[in-house]
*Asks:* 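Quick one: this structure, given as structure tokens, is what I'll be asking you about.
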Amino acid sequence: KTPTAEKCKERGNAHFQKKKFWLASEEYTKALELVAEHWSTAGSPPGTGVQMANRSHESRIKYLPLKIACLANRAQCRLDISQLDGAICDCDEAQADVADLRRRNPTGETPRALQTKIRYRKAWALHLQGRREDAMNVLASARREGLTNDECEELALNLAGAHCTIELMEAGKYFGVV
């Protein structure tokens with residue numbers, strides 16, 4: 001029997017709970033491939049072009065939340081195995097999919113907690129790459145949209161503190177413990 005995208009996501013979650021991040025990432029990737037495959041066949045004949053377009057639209061509304069969750073989960077796995085560029089790409093794609101879902105289904109709701117996690121994970125990856133300014137911009141944008149939590153605020157404070165320390169050191173006014 002062919003696995004479903006939902007089953008792959010569940011297996012990914014199980015691997016993640018066991019801290020098997022590489023295996024979890026692979027399962028989320030399989031789930032994403034199955035979603036993409038479903039979309040490529042959702043508008044297949046028989047039917048007129050309008051019927052196919054409607055089926056494709058409905059399919060996207062149905063599967064975008066699953067895709068967004070898998071991208072967010074895979075981003076966390078990639079953070080845990082130091083694949084920072086991949087984590088950032090997953091976060092960017094998830095954010096684009098959130099916007100697509102809002103456009104297609106304005107009355108639907110993408111959980112704010114998930115949107116916040118996506119922003120936090122991107123900011124964390126940027127921070128780990130040494131891109132403090134970019135990380136701060138992601139967190140500031142999230143805050144403006146009301147997407148924040150304790151982890152985001154703590155990271156923002158740490159980044160701001162690091163920035164203040166660097167400025168003081170450059171100005172010759174910081175004398176840390178040697």
Side-chain angles (χ1 to χ4, degrees), residues 1-44 55-105 107-131 134-135 138-139 141-142 145-156 158-159:
K1 185 178 177 181
T2 306
T4 65
E6 291 89 353
K7 288 289 183 195
C8 290
K9 179 182 176 267
E10 289 171 13
R11 285 196 303 263
N13 291 348
H15 287 306
F16 186 86
Q17 292 300 317
K18 295 175 186 171
K19 301 196 182 309
K20 296 180 178 181
F21 304 120
W22 188 264
L23 292 174
S25 179
E26 288 179 349
E27 289 297 333
Y28 296 132
T29 299
K30 288 177 192 172
L32 292 165
E33 289 168 353
L34 288 168
V35 167
E37 184 179 305
H38 177 77
W39 284 345
S40 70
T41 60
S44 298
R55 256 187 284 162
S56 178
H57 175 77
E58 290 166 6
S59 175
R60 285 198 181 269
I61 289 173
K62 179 180 177 184
Y63 284 97
L64 269 171
L66 174 63
K67 182 181 179 209
I68 293 164
C70 287
L71 285 165
N73 291 352
R74 188 172 70 177
Q76 182 60 56
C77 291
R78 287 177 164 179
L79 278 168
D80 290 328
I81 57 178
S82 298
Q83 291 182 343
L84 303 179
D85 289 334
I88 292 167
C89 288
D90 283 348
C91 291
D92 287 342
E93 187 174 347
Q95 282 181 246
D97 286 339
V98 166
D100 186 26
L101 185 58
R102 282 186 188 147
R103 213 173 25 258
R104 291 174 181 277
N105 187 16
T107 60
E109 192 63 35
T110 302
R112 295 183 73 69
L114 180 58
Q115 293 178 60
T116 302
K117 285 180 184 180
I118 293 165
R119 300 292 181 88
Y120 172 78
R121 290 169 185 170
K122 180 176 181 179
W124 187 250
L126 291 166
H127 165 64
L128 292 175
Q129 287 184 330
R131 296 169 58 191
D134 292 335
V138 168
L139 294 172
S141 171
E145 294 178 40
L147 301 172
T148 191
N149 61 20
D150 290 345
E151 288 178 318
C152 289
E153 294 302 317
E154 183 178 342
L155 179 56
N158 287 338
L159 291 171

*Asks:* Which residues pass the salt bridge (charged side-chain N to carboxylate O under 4.0 Å, His left out) test with Lys122, not counting sequence neighbours?
*Replies:*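 For Lys122 the salt bridge (charged side-chain N to carboxylate O under 4.0 Å, His left out) partners, ignoring immediate neighbours, are Asp92.
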
*Asks:* I need the minimum non-hydrogen distance between Ala31 and Ala5, along with the two atoms involved.
*Replies:*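 Closest approach of Ala31 to Ala5: CB-O, 3.4 Å.
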
*Asks:* Decide, yes or no, whether a salt bridge links Glu33 with Lys30 under the criterion of side-chain N to carboxylate O below 4.0 Å.
*Replies:*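 No, Glu33 and Lys30 are not salt-bridged.
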
*Asks:* Does the side chain of Val35 reach to within under 4.5 Å of the side chain of Glu6, using non-hydrogen atoms?
*Replies:*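 The answer is no; the side chains never approach within 4.5 Å.
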
*Asks:* Check Glu151 with Lys117, please: is the shortest side-chain N to carboxylate O separation under 4.0 Å?
*Replies:*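 Salt bridge between Lys117 and Glu151, a charged N being under 4.0 Å from a carboxylate O: no.
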
*Asks:* Is the shortest heavy-atom distance from the side chain of Asn73 to the side chain of Phe16 under 4.5 Å?
*Replies:*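 Side-chain contact under 4.5 Å: no.
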
*Asks:* If I take atom CD from residue Gln76 and atom CD1 from residue Ile81, how far apart are they, to the nearest 0.5 angstrom?
*Replies:*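 Here the interatomic distance stands at 11.0 Å.
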
*Asks:* Without swapping roles, check the side chain of Ser25 against the backbone of Phe21 for a donor-acceptor pair under 3.5 Å.
*Replies:*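 No; judged by distance alone, with no hydrogens or angles, the pair does not exist.
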
*Asks:* If you take all heavy atoms of Ile118 and Ala72, which pair is closest and at what distance?
*Replies:*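 Heavy atoms of Ile118 and Ala72 come nearest at CG1-CB, 3.9 Å.
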
*Asks:* Would you call Arg119 and Gln95 a side-chain contact if the rule is heavy atoms closer than 4.5 Å?
*Replies:*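 In contact.
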
*Asks:* Go through the steps to decide whether Val138 and Leu126 satisfy the test side-chain contact (heavy atoms from CB on, under 4.5 Å), and finish with yes or no.
*Replies:* CA-CA 9 Å; Val138 168; Leu126 291 166; 3.7 Å; yes

*Asks:* State, with a plain yes or no, whether a side-chain heavy atom of Lys9 is found less than 4.5 Å away from one of Leu32.
*Replies:*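 Not in contact.
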
*Asks:* So, Gln129 and Asp85: side-chain donor and acceptor under 3.5 Å apart, yes or no?
*Replies:*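 A pair is found: one side chain offers a donor N or O, the other an acceptor, under 3.5 Å apart.
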
*Asks:* Under a 4.5 Å cut-off applied to non-hydrogen side-chain atoms, are Pro65 and Leu101 in contact?
*Replies:*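 They are in side-chain contact.
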
*Asks:* Does either side chain, that of Asn13 or that of Tyr28, offer a donor lying less than 3.5 Å from an acceptor on the other one?
*Replies:*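 Side-chain D/A pair, Asn13 to Tyr28: present.
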
*Asks:* What distance separates Leu64 CG from Arg104 CZ, expressed to the nearest 0.5 Å?
*Replies:*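 Rounded to the nearest 0.5 Å, the CG-CZ separation comes out at 6.5 Å.
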
*Asks:* Once rounded to the nearest 0.5 Å, what's the spacing between atom NZ of Lys20 and atom CG of Asp80?
*Replies:*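 Going from NZ on Lys20 over to CG on Asp80, the span is 15.0 Å.
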
*Asks:* So does Glu154 have more than 12 non-hydrogen atoms from other groups sitting under 6.0 Å from CD?
*Replies:*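 No, not enclosed.
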
*Asks:* Which pair of non-hydrogen atoms, one from Leu34 and one from Thr4, has the smallest distance, and what is that distance?
*Replies:*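 Closest approach of Leu34 to Thr4, heavy atoms only: CD1-C, 3.7 Å.
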
*Asks:* Can you tell me if Arg121 uses its side chain to pair, donor with acceptor, with the backbone of Thr116 under 3.5 Å?
*Replies:*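 Judged by distance alone, no pair lies under 3.5 Å.
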
*Asks:* Is a salt bridge present between Glu93 and Lys67, judged by a nitrogen-to-oxygen distance below 4.0 Å?
*Replies:*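 The answer is yes: the pair qualifies as a salt bridge.
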
*Asks:* Do Val98 and Ile68 come within less than 4.5 Å of each other through their side chains, counting heavy atoms only?
*Replies:*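 Result yes, sub-4.5 Å side-chain heavy-atom pair found.
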
*Asks:* Are any of the side-chain heavy atoms of Trp22 and Arg78 separated by less than 4.5 Å?
*Replies:*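 Side chain of Trp22 against side chain of Arg78, heavy atoms only: no contact under 4.5 Å found.
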
*Asks:* If you apply the rule side-chain contact (heavy atoms from CB on, under 4.5 Å), what do you find for Cys91 with Leu71, and how did you get there?
*Replies:* CA-CA 7 Å; Cys91 291; Leu71 285 165; over 6 Å; no

*Asks:* Contact between Leu139 and Thr148 at the side-chain level, heavy atoms closer than 4.5 Å - yes or no?
*Replies:*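 Not touching, per the 4.5 Å side-chain cut-off.
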
*Asks:* Got a sec, which residues hit ring-ring contact (aromatic ring centres under 6.0 Å, His included) with His127, two or more places apart in sequence or on another chain?
*Replies:*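 So His127 forms a ring-ring contact (aromatic ring centres under 6.0 Å, His included) with Trp124.
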
